[in-house]
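What follows is a short report on a single structure.
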Amino acid sequence: MIVMKFGGTSNQDAAAMNNVISIVQSHLSEQPVVVISAIARATNDLEQAARTAAQGNAKDAKGILSILLGRHNTIARQLVTARPAVEELKNAFTQYHLELNQLVDGVAILKELTPRTMDAFCSYGERLSSRIVAAGLQRDGIGAVWIDAREFMITDDNFGRAQPLMDIVTSKLENIVRPLLDQNKVPVTQGFIGVTQSGVYTTMGRESSDYSASIIGAAMNAAKVQIWTDVDGILTADPSMVAETKKVKSMSFEEAFELSYFGAKVLHPGTMLPVIEKKIPVQILNSKRKDGSGTLIDVDASNVQGDAVVVKSIAYKKNLSVITLVPHKRLNQYLFWEQIFSVLNRYGVSTGMVATSEYSISFAIDSKVLVDSLTHELQEFGIVEVFPGKGSICLVGKGMRARTSLMNRLFDALAPANVAMISYGASPMNCTVVIDEDQIPKVLNALHKEFFETIDASDVFEPRG
Ligand code: ASP
Ligand code: MG
């Protein structure tokens, strides 16, 4: 079997959904499980409705929801016309709308919005979109079966960033989804959402439908996981920032993991984890260019490594803050680090970037998690300085290992920048620098020019279609 995940722009309207249906149709012999994201912008709208309700403004919140439900009804009407399918969809949507409005009333009265309630709101996006796709497949005579992810995607109760309980998920998938495949049915389910053991909806974090797909793929030992999106594959850089990007034909699991962790938006950072262990290949494909070959992430892919290729792709992150800490006392170094990391851990803050000298430590964190109470707690251990307005640029590629010219080329491109941190060596295929956020476009383009624009490596890169 394979897993086919379709992102929000692949489902944004009836034409896009018909395209999804035809793509699924052409893979029926591979026994697909179809994982659907919410339609483009739906999750933002649901979040917005929830926040509006929390301000006590039930009317506007309901207005946002009416428009959202209207968008789904329009797509549904354009896609399926035969009864009883139309009636079924209409009834399901009316029920969802009713429930959402009840949520709005509750939140507006309490003026309180917990992560748990936010997840309840957001869970509707994927449920709505996946129902339409399932009905569209059925319209074309395909034995699609809509499955609520709550039947199998059991998670912990970390609302907003829930993690799957893999043993339970695996056995539920075997009991519920596998028999459908054996009957040549096509299960259609939702990405992003899960449910606690006591049946409360959770989400695994924004953009996590990719992660859902790889969880299902790993649990069911899929032959591959396909991520259908709106770009040709993994590119050498973000095409909205750099003009001359190329597509990377293939890369290793580790390279893809580093890239997604350090900001490449094409894949959710959790995606690689479930599949790495089982070595299940992941393909990134463009739903608007069905014949493209996309990017293949696979074990063997790591062997494809043109001699000239040092870096395979460059990712960046914005909105970071660098925190520097100098201890009050020259304590045992390990104790100092332990204290710092235990505070970060308590706040659920992760940092991909740490630099140390003997007595001080600096790290970069997402500015969104930078709260006064965190810096206050850190002050107990040392003098804290916070430098906001930073961003990181991360070069990824196995070819970086033991390349003596790497640093010269890197520092040339970095010359105009104000470098706050640099991390190299911990991973043989990653080099990350933290600079001022507003210098990112310039440095990114300079690095891209240096490492990609004159390179001739058609076994690794391909022009974009
Ligand atoms: N619909 C969710 C979001 O927009 C999950 C996803 O699209 O992957 O964040
Ligand atoms: Mg996505």
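In each ligand, atom 1 is the first atom listed, and ligand 1 is the first ligand listed. One-based numbering along the sequence shown.
- Nearest-residue assignment for atom 7 (O) of ligand 1 (options Ser37, Gly8, Ala40, Gly125; heavy-atom criterion): Ser37.
- Between the side chains of Lys278 and Asn221, a donor-acceptor pair is found at a separation under 3.5 Å.
- Looking only at side-chain heavy atoms (C-beta outward), Gln78 and Thr74 come within less than 4.5 Å of each other.
- Within the listing of ligand 1, atoms 5 (C), 8 (O) sit less than 4.0 angstrom from a heavy atom of Ser208.
- Tested against Gln190 for a side chain to side chain donor-acceptor pair (under 3.5 Å), the candidates Ser123, Ser37, Ser130 yield a single pass: Ser130.
- In terms of polar-atom proximity, Glu207 is counted as a contact of ligand 1, with an N or O under 3.5 Å from an N or O of the ligand.
- Contacts with ligand 1 closer than 4.0 Å are made by no heavy atom of Ala42, backbone or side chain.
- Between Lys5 and ligand 1, no pair of N/O atoms sits closer than 3.5 Å.
- Look at Glu126 and you'll find a heavy atom under 4.0 Å from some atom of ligand 1.
- In this structure, Lys265 forms a cation-pi arrangement with Tyr316, its terminal cationic atom sitting closer than 6.0 Å to the ring centre and no more than 45° off the ring axis.
- Just one of Ile314, Ile234, Ile297 meets the side chain to side chain contact (heavy atoms under 4.5 Å, CB included) condition when paired with Leu259; it is Ile234.
- Listed by number with element, the atoms of ligand 1 under 4.0 angstrom from any heavy atom of Arg206 are 3 (C), 4 (O), 9 (O).
- By the 30° and 60° cut-offs, the orientation of the rings of Phe93 relative to Tyr96 is parallel.
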